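The structure appears right after this line, and notes come after that.
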Amino acid sequence: MTSATPVRSRALLAAVALSALLAACAAPAPPPPPPPPAPVAVVIPPIGLSPRVVEQASAYRAYITRASGISPGFTGPSDVAQGLKTGASYEPGQFLRGAIAYGAVVALQDPSFVAGVRKFAADPDQRRTVAYEIMKDPAYAVGFAGSSSAAGLVMAALGGDGRKLLELGHSVHQAAYDVQHQAWSKTEVASRDERMALAKSLSAQPNLGEVAETARLQMAVSGSGQLGVSAESASPPYTPIVIHSLAVAALAALGYADDASIAQVMPILAEPGAATCLNMAKLNLYQCLAVAKPHYEDVFCLGQHILEDTGHCLMKGAGVVEPVDPRVQAAQEAALLKASTSTTAKPHSKKRSRN
């Protein structure tokens, strides 16, 4: 009896262990851990400008191209009339909107500026907040990385256009004196009132851009085309035109310059100070044409108050220093020469008087 007890105990323990093992095997497996949450897709809007803004830039470029093609080699009254018609064909408000729109397209050519703006585009809330600050105050765009190099491009582009007109105006201005050797230039302009009315009408009509130029600008906005503008970086302060160009470009880089945001973008394409300069140029043109009678005086009005004055407004608006007017330089050199000759002649004159 005594020797059988350990055997039964061991059997009992083995049975208990086997039961526990079987029970453990029958228990359900723990559920697998849940899968990680799917990553939230960050949608960054593409860089874009409303076609209405691009069209403004194209219309501006169309005028610059046409006006730059005016030749100072006038051979008759029809050449002068055509030159006046071409030069007067811009409405100051649209011209200014086009200049700023073109400046925005140029600023988008600067990769460092675009990158400096785009880093705020990933977060929708931050993107919206930054866009609101730009719309509220366009100068906010100057704070982005790369703004100095983008500003340099804008100044070079708009200032270069202004310089073209200004220097051509100098040549046309000189032609007003040169053509007086030709008899036709001294005859009185026929239908002077109609000529004045046409100039005012053309100054009130909006222009359209060229199809090819519009396509070129659209490609430049998307990054698939280049405008070929290069310049050194420019340090602030910047003129309002340059600031507004940067602001529109920044909104385009944030995806807030498309048709859905056009109501907020269009006011940035205006700048009262620059508009005053262009309006004054038109007023001076009307006053000039009102008193001009012979054809050579119309040539003067074209050179001075269309080409030179408009070029001056563009260069001033871009913050670019104007080149020295060759007429002014020639007059200064003549005055210096006269003063120098007068000074050196005095001792000889006194010597002769003593003899």
Side-chain angles (χ1 to χ4, degrees), residues 49 53-54 56-61 63-65 67-68 90 92 95-117 134 137-170 213 216-217 220-221 225-253 257 268-278 281 307-325:
L49 269 177
V53 178
V54 176
Q56 293 288 322
S58 182
Y60 161 81
R61 290 297 303 158
Y63 174 81
I64 295 296
T65 300
S68 299
Y90 76 83
F95 184 86
L96 178 60
R97 290 192 296 274
I100 295 174
Y102 179 61
V105 178
V106 170
L108 288 172
Q109 296 281 283
D110 188 280
S112 61
F113 178 69
V114 172
V117 178
I134 296 171
D137 180 10
Y140 189 88
V142 177
F144 293 113
S147 63
S148 60
S149 53
L153 290 179
V154 175
M155 293 169 66
L158 298 183
D161 288 343
R163 183 169 186 141
K164 282 182 188 176
L165 298 182
L166 187 70
E167 293 182 342
L168 177 58
H170 291 337
E213 181 65 10
R216 187 175 80 101
L217 295 174
V221 171
Q226 296 293 320
L227 298 180
V229 181
S230 60
E232 298 292 331
S233 295
S235 300
Y238 306 123
T239 63
I241 284 183
V242 175
I243 291 173
H244 286 218
S245 296
L246 294 177
V248 175
L251 290 174
I268 306 177
L269 296 179
E271 204 295 296
T276 299
C277 184
L278 291 168
L307 297 173
E308 288 189 28
D309 286 0
T310 303
H312 161 76
C313 290
L314 263 181
M315 296 192 76
K316 179 182 177 182
V320 176
V321 178
E322 294 184 24
V324 177
D325 187 334

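Quick note: residue numbers are just sequence positions, from 1. All values reported here derive from a predicted model rather than from experimental measurement.
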| query | At what distance, to the nearest 0.5 angstrom, does CE of Met155 lie from OG1 of Thr239? | reply | 7.0 Å
| message | Side chains of Leu165 and Met315, heavy atoms from C-beta outward: is any pair under 4.5 Å? | response | no
| Could you state the interatomic distance from CG (Leu278) to CD (Glu271), rounded to the nearest 0.5 Å? | 10.5 Å
| said: Applying ring-ring contact (aromatic ring centres under 6.0 Å, His included), can you list everything that pairs with Phe95, at least two apart in sequence or on another chain? | reply: Tyr60, Tyr63, Tyr90
| So, do Leu49 and Leu217 sit near enough that their side-chain heavy atoms are less than 4.5 Å apart? | no
| Considering all heavy atoms of both residues, which atom of Phe144 and which atom of Gly116 are nearest to each other, and what is their separation? | CD2-O, 3.8 Å
| note | Closest non-hydrogen atoms of Ile268 and Pro138, given as atom of the first, atom of the second and distance, are CG2-CG, 4.2 Å
| field | Any donor-acceptor N/O pair, Ser68 side chain to Ile64 backbone, under 3.5 Å | value | yes
| query | Minimum heavy-atom separation for Ala104 to Ala249, with atom names? | reply | O-CB, 3.5 Å
| message | With rounding to the nearest 0.5 angstrom, report the CG to CG distance, Leu158 to Leu153. | response | 10.5 Å
| Over all atoms of both residues, closest heavy-atom pair of Gly103 and Val154 | O-CG2, 3.3 Å
Side-chain donor-acceptor contacts of residues 228-235 below 3.5 Å, not counting sequence neighbours, with atom names and distances?
none

| field | Nearest-0.5 Å distance, CG of residue Asp161 to OG1 of residue Thr65 | value | 8.0 Å
| said: Could you check whether any side-chain N or O of His244 sits under 3.5 Å from a backbone N or O of Ala270, counting only pairs where one atom can act as donor and the other as acceptor? | reply: yes
| query | Are the side chains of Leu166 and Pro323 in touch, meaning some heavy atoms are under 4.5 Å apart? | reply | yes
| request: Give the minimum heavy-atom separation between Ile241 and Ala274, together with the two atoms involved. | output: CD1-CB, 3.5 Å
| query | So, does Gln109 use its side chain to make a donor-acceptor pair with the main chain of Leu227 at under 3.5 Å? | reply | yes
| said: Show the nearest heavy-atom pair for residues Val117 and Ala253, with the distance to one decimal. | reply: CG1-CB, 3.7 Å
| query | Would you say the side-chain atoms of Ser58 pair up with the backbone N or O of Val54, donor to acceptor, closer than 3.5 Å? | reply | no
| task | Nearest 0.5 Å please: distance from the CD1 atom of Ile100 over to the CG atom of Leu246. | result | 11.0 Å
| Nearest-0.5 Å distance that lies between atom NE2 in His170 and atom CG in Leu307 | 10.5 Å
